[in-house]
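In what follows, chains are A, B, ... by sequence order, proteins preceding strands, each numbered from 1.
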Amino acid sequence: MIRAVLRGDVHKQAVSLLTELLSKGLADYVLAYRTRGEGVEACIYRKGDVLDLNVFTPTIPGLPIPTILSWSSTSGLKGVVAAIVKPCMARAIVELAKLQQIDRDKLIIVSVDCIGTIDVENYKDLLEEGFTQTGITEECLNGRLEMREACGLCTDPVPPVFDLHLSPYKGGLYAYAGSKLGNKILEVLKAPREEGDPYVKFKNLISRRQEEKQRYVEEAKFKGFDELQKFFEDCIGCHNCMEVCPLCFCKECFYDSPRYDYVTRRFLSWSPQDGMTPLLQSKLQFHVGRAVHMSTSCVECGLCEQACPKDINLTRLFLLLAEANQELFSYRAGRSVEEEPPLRTFHAEGLSSFEGG
Amino acid sequence: MGEFKPVIVGFLCRWCASAAADLAGTSRLQYPATIRPIRVNCSSMVDPAYILRALLEGADGVLVGACHPGDCHYVDGNLKERRRIAVIKNTLGKLGLQPERVRFEYISTSEGLKFAKVAEEFTRQIRKLGPNPLRGGFDD
Amino acid sequence: MGYGVFICHCGQNIAGTIDIEKLVRKVSGIRGVTHVEDYIFMCSDPGQERIKKAIKEKNLEGIVVAACSPSLHEETFRKAAESVGLNPYLVEIANIREWSAWPHQAEPEEATMKAFKIIESTVEKLNGDKPLEPLRLEVVRRVMVIGGGIAGIQAALDVAEAGIEVILVERSPSIGGRMAQLSETFPTLDCPQCILTPKMTSVAHHPLVKLLAYSEVEEVSGSAGNFKVKVRRKPTYVDWNKCVGCGLCMEACPVELPSEFEMGLAHRKAIYIQFPQAVPNKAVIDSENCIRMKYGRGCGLCAQKCPANAITFEDNGKAEEYDVGAIIVATGLEVMDKANFAEYGAGELKDVLTGLEFERMLAPSGPTGGKVVRPSDGRVPKEVVFIQCVGSRDPENWNPYCSKICCMYTAKQALLYKHAVPGGQAYIFYIDIRADGKGYEEFIHRAMAEEGVIYLRGRVGRVYQEGDKLRVEGVDTISGLKIVIDADMVVLATAAVPSSGVEELAKKLRIQLGEGGWLKEAHLKLRPLETLTSGVFIAGAAQYPKDITDTVSQASGAAAKAVAFLSKGYVVREPLIAVVNEDICSGCGNCEEACSYQAIKVVDGKANVDESLCEGCGSCTAACPSGAVQLKNYDKRQIIKMVESIVG
């Protein structure tokens with residue numbers, strides 16, 4: 001893979017690269033997060049704007065960039081957007097592109113190295129305590145700060161699909177080209193170029209996490225109904241997990257709609273001594289139903305858990321189901337633009353173990 | 001509460017399994033009255049949502065009856081449905097929700113006997129599993 | 001107001017098991033039901049009258065008839081309701097006979113409960129039903145016939161004679177098919193050229209027939225009455241408007257290749273006319289083997305000789321699109337390659353021939369001019385062994401089915417051999433002789449008694465070279481004796497199999513193949529000329545091996561079906577198809593991928609249903625994550641309500 005070597009301060013180099021994308025007309029917009037006193041927010045920049053963005057923000061706030069992109073794509077925003085994303089979000093973009101929610105042709109995926117992020121709530125506190133962004137990342141790495149559970153199990157510090165990938169090194173910043181478009185951009189930028197591999201420095205991390213994830217997923221399996229019931233005990237049905245999910249692109253979630261509502265009057269026709277049972281039913285229909293829809297495209301970002309006001313361990317649920325349901329079709333969400341999502345395409349393959357009794 | 005009488009929702013494709021159920025009746029084959037059939041146009045219209053809903057409503061089992069591979073009236077609806085069945089069963093399995101309660105069978109128009117056998121065997125299997133734990137203590 | 005439920009006793013068929021009184025009581029309690037009535041035979045005239053009366057008097061908004069399978073009387077009750085002004089799509093059938101009364105005779109209580117549940121859920125469905133009008137679509141009065149053998153020719157002629165345009169598509173350079181390859185036909189021993197050639201000419205010249213030779217069906221879209229078929233006209237590299245079929249080009253061409261028409265027993269050139277009586281009688285260039293085409297220069301001898309300046313070497317292939325209302329598939333059969341049969345020399349013993357090869361040898365216009373000679377040394381064979389059922393009726397190794405034509409053509413070939421080689425001896429190994437046609441049994445007798453063909457009941461185990469003879473080792477199962485014949489020639493009646501490429505064609509046409517790869521008919525007994533895809537008919541051996549008599553009759557039948565189908569001028573389609581709620585649709589296109597009929601497409605970010613193509617399977621509804629696509633009168637809410645009531 002070709003990479004450009006941008007020597008000097010990492011942040012400055014990143015900003016100047018993005019500024020150049022705008023000024024050379026390679027992109028019409030830059031979509032990125034910026035940190036302000038009160039937290040992190042998504043921001044769209046145009047040519048001439050001051051790019052007060054944070055490329056390596058060690059957190060992902062509630063509104064994921066793929067979701068914003070799907071809105072802009074389907075609402076007919078003209079022009080090319082360069083989106084600065086973490087690897088999990090790059091994978092989500094690939095999924096949404098396959099589901100015709102994002103126009104891949106009008107997008108520059110600019111991914112960044114990511115070994116993990118911390119809960120957005122904690123991030124604000126840490127900033128107040130005087131931590132810097134890189135400081136937070138370092139503390140995460142050496143284990144003094146807790147990263148989000150999903151991040152600790154993430155095996156994609158660099159995404160499988162990107163146009164440009166930004167990776168800091170001792171003397172500055174590497175910008176890798178992961179596509180024809182990426183190559184073209186590097187040519188225009190005129191920085192010194194060389195061969196390189198963005199994945200290599202994470203080799204050990206990836207293999208360690210692969211093992212950890214495998215163990216985790218095995219243990220994540222639910223033993224029975226009671227355990228599942230306990231798991232969802234605190235769910236208040238706010239459906240934030242769906243609101244925040246980068247893969248949930250439906251205008252109206254079927255499991256949250258009048259077409260599938262769980263009629264509460266039936267609550268009364270069931271025996272009242274069962275108390276909360278029907279409520280549990282409505283939780284299950286939502287979570288299981290939604291999982292059937294999106295688990296084959298789930299990128300395991302864990303934003304659902306971050307958004308859950310009751311801190312339900314949704315990372316466990318979705319890692320479990322994403323791994324299981326994607327493996328069924330030898331599919332991996334976000335791995336390639338060519339792979340068709342399992343419930344979208346159809347092949348007469350052998351799934352014969354699901355036939356009969 | 002007396003003896004456990006399983007309730008099984010049967011989504012039957014009108015071109016095959018539903019006709020097989022007709023044939024089983026016409027042939028006076030006797031099988032347990034546990035299967036409560038809903039005729040559908042093709043197994044491929046059986047949204048996993050219906051299966052999930054049946055289980056949440058308290059059905060002890062769900063049967064989806066499709067045409068044999070290659071025989072689908074709509075080319076390959078049966079195999080499309082098989083993918084969806086695979087996902088819902090796999091999901092139920094990981095959640096400890098007894099995927100055995102969902103059964104996908106190919107039953108052609110001429111297989112009245114197979115229909116009766118499946119009804120019988122599935123009922124036996126469900127009896128062994130016991131009542132659906134999702135069933136909220138409902139008793140008629 | 002409200003719904004009516006009509007419970008049929010069906011004599012004792014339902015009432016014998018189900019407690020009707022209890023059922024009526026329970027059904028009366030269903031929300032929305034204002035009228036419940038039971039009667040001994042609802043389908044009878046008085047039964048229907050009761051329904052009509054109740055609809056009128058009680059002003060019912062919809063009805064459920066709890067009776068037998070909807071496949072039996074749904075139409076009956078819909079018509080009855082319609083006659084008194086109730087939309088027929090507000091009539092639902094609850095099948096309590098086949099699904100409850102009959103299979104649960106020993107459990108009357110359970111059967112009654114189940115019948116109630118079936119009725120209750122059906123009322124729930126009715127609750128969501130909307131009045132609908134059938135879709136009426138104009139048809140294109142044009143038929144496409146695929147395959148230009150005798151079946152296709154006959155079908156095309158019959159349709160054209162009925163005054164309807166025909167597009168006849170044939171993939172070879174000439175029409176004529178298998179029949180054109182035959183020597184004589186059983187049982188009349190007609191010369192097939194004599195009876196076929198006039199038909200070939202008349203179909204080609206019929207003013208209503210457009211013949212597309214050397215063409216293949218590439219893509220089919222649309223549906224019954226309105227198919228769009230893309231046909232690829234393969235490049236001939238010869239301007240057929242100029243070519244007069246004189247054949248001088250063939251004389252000039254230096255490249256010799258085995259002739260497909262002669263089953264490899266003779267050569268053809270790289271530029272060739274398929275056979276002397278070809279229709280159209282035009283030359284094509286086999287571009288893979290033509291020197292000029294391969295190297296882009298040189299040779300060109302044919303073009304120098306061509307008096308019409310027809311040879312262009314230019315790729316004149318093109319795609320054409322035709323609108324047709326109906327399609328007749330007449331793709332015919334071929335025979336298995338003898339190389340499959342190691343026990344009979346695996347195609348390496350030169351004097352072991354297939355029946356079709358031997359057929360060419362017997363043909364007066366064939367490679368030997370009708371002389372029977374051994375391909376290995378040109379000698380006249382004194383003893384010929386015919387082996388039947390090679391690859392047929394052999395479920396362990398090959399095909400379980402009977403190829404149907406071999407008994408008769410083998411007898412014919414043995415007989416013709418005896419005529420060609422007086423004093424020669426013919427032996428036929430057979431399992432059973434199947435001669436079920438007019439004059440067929442007599443024909444077999446003639447071969448046996450008059451011509452002295454020796455029939456041996458049994459299978460042949462092995463054929464191998466022994467000096468200049470072919471040693472045939474078999475068993476006569478009647479005498480139980482092992483039989484060894486040192487023959488000069490062996491003829492294998494290899495199994496008939498569907499023509500190559502029929503599988504892809506079937507996919508394009510969305511029709512089904514059954515066992516053995518033969519086209520599947522809508523019903524083997526009652527709808528043998530139709531497929532399950534409306535507007536697509538079958539003629540000839542594509543359905544199953546057939547002799548010429550049966551092929552021609554079926555072709556005429558298929559033609560009549562196609563003509564009848566188009567004669568009304570329109571087709572009526574069930575309106576129970578998919579519909580999109582655009583407010584909810586996100587345009588992800590999952591529905592598009594789920595549809596086998598290209599009936600739903602995302603246009604400007606919203607799914608869009610083509611009513612003329614949608615077959616109403618509902619696959620798109622399950623594929624749609626948001627529930628934006630629904631099936632009319634089978635929407636998700638309805639089904640969920642049905643589930644609720646049937647379980648609860």
* Asked: Which pair of non-hydrogen atoms, one from B:Gly58 and one from C:Val647, has the smallest distance, and what is that distance?
  -> C-CG1, 3.9 Å
* Which bit of B:Val62 comes within less than 4.5 Å of chain C, counting heavy atoms only: side chain, backbone, both or neither? -> neither
* Got a second to check how far C:Leu72's CG is from B:Thr26's OG1, nearest 0.5 Å? -> 7.5 Å
* Which heavy-atom pair separates C:Val643 from B:Ala54 by the least distance, and what is that distance? -> CG1-CA, 3.5 Å
* Asked: If you count heavy-atom pairs under 4.5 Å with chain C, which of B:Thr34, B:Ile38, B:Val40 comes out on top?
  -> B:Ile38
* Given the options C:Leu532, C:Leu513, C:Ile511, which has more heavy-atom pairs under 4.5 Å with chain B than any of the others? -> C:Leu532
* Asked: How long is the span from the CZ atom in B:Arg53 to the NZ atom in C:Lys636, to the nearest 0.5 Å?
  -> 12.5 Å
* Okay, side chain of C:Gln512, backbone of B:Cys72: is any donor-acceptor separation there less than 3.5 Å? -> yes
* Structure fact -> Tightest non-hydrogen contact, residues B:Tyr74 and C:Gly616, listed as OH-O, 4.3 Å
* With a 4.5 Å heavy-atom cut-off, do B:Met45 and C:Ile639 have their side chains touching? -> yes
* Structure fact -> Okay, B:Ser18 and chain C: the region with an atom under 4.5 Å from a heavy atom over there is both
* To the nearest 0.5 Å, how far apart are CG in B:Asn41 and CD in C:Glu615? -> 11.0 Å
* Roughly how far apart are C:Ser619 OG and B:Arg84 CZ, rounded to 0.5 Å? -> 4.5 Å
* **Proximal component of B:Val75, with respect to chain C [non-hydrogen, under 4.5 Å]** => both
* To do: Could you please state which residues from residues 624-633 of chain C sit under 4.5 angstrom from chain B, measuring non-hydrogen atom to non-hydrogen atom, sorted by number, or 'none'?
  => C:Leu631
* Shortest non-hydrogen contact from B:Ser44 toward C:Ala622 -> O-CB, 3.2 Å
* To do: Provide the full list of side-chain hydrogen bond (donor to acceptor under 3.5 Å, both in side chains) pairs with a residue in residues 96-105 of chain C, sequence neighbours left out, each pair given once.
  => B:Asp22-C:Trp99, B:Gln30-C:Gln105, C:Asn13-C:Trp102, C:His104-C:Lys114
* So with a 6.0 Å cut-off around NZ of B:Lys117, is the heavy-atom count from everything else above 12? -> no
* To do: Identify which part of C:Ala594 has an atom lying under 4.5 Å from any heavy atom of chain B, answering side chain, backbone, both or neither.
  => both
* Measure the spacing between CD1 of C:Ile646 and CZ of B:Phe11 and express it to the nearest 0.5 Å. => 8.5 Å
* Structure fact -> d(C:Ser121 OG, B:Arg36 CZ) to nearest 0.5 Å is 9.5 Å
* So which of B:Cys13, B:Ala119, B:Pro32, B:Pro48 has the largest heavy-atom pair count under 4.5 angstrom toward chain C? -> B:Pro32
* Identify the two heavy atoms, one from B:Gly25 and one from C:Pro103, that lie closest to each other, and give their separation to 0.1 Å. => CA-CD, 4.2 Å
* Structure fact -> Ranked by heavy-atom pairs below 4.5 Å to chain C, first place among B:Ala33, B:Ser43, B:Gly77, B:Ala49 goes to B:Ala33
* For atom NZ of C:Lys125, is the number of surrounding heavy atoms from other residues, nucleotides or ligands below 6.0 Å larger than 12? -> yes
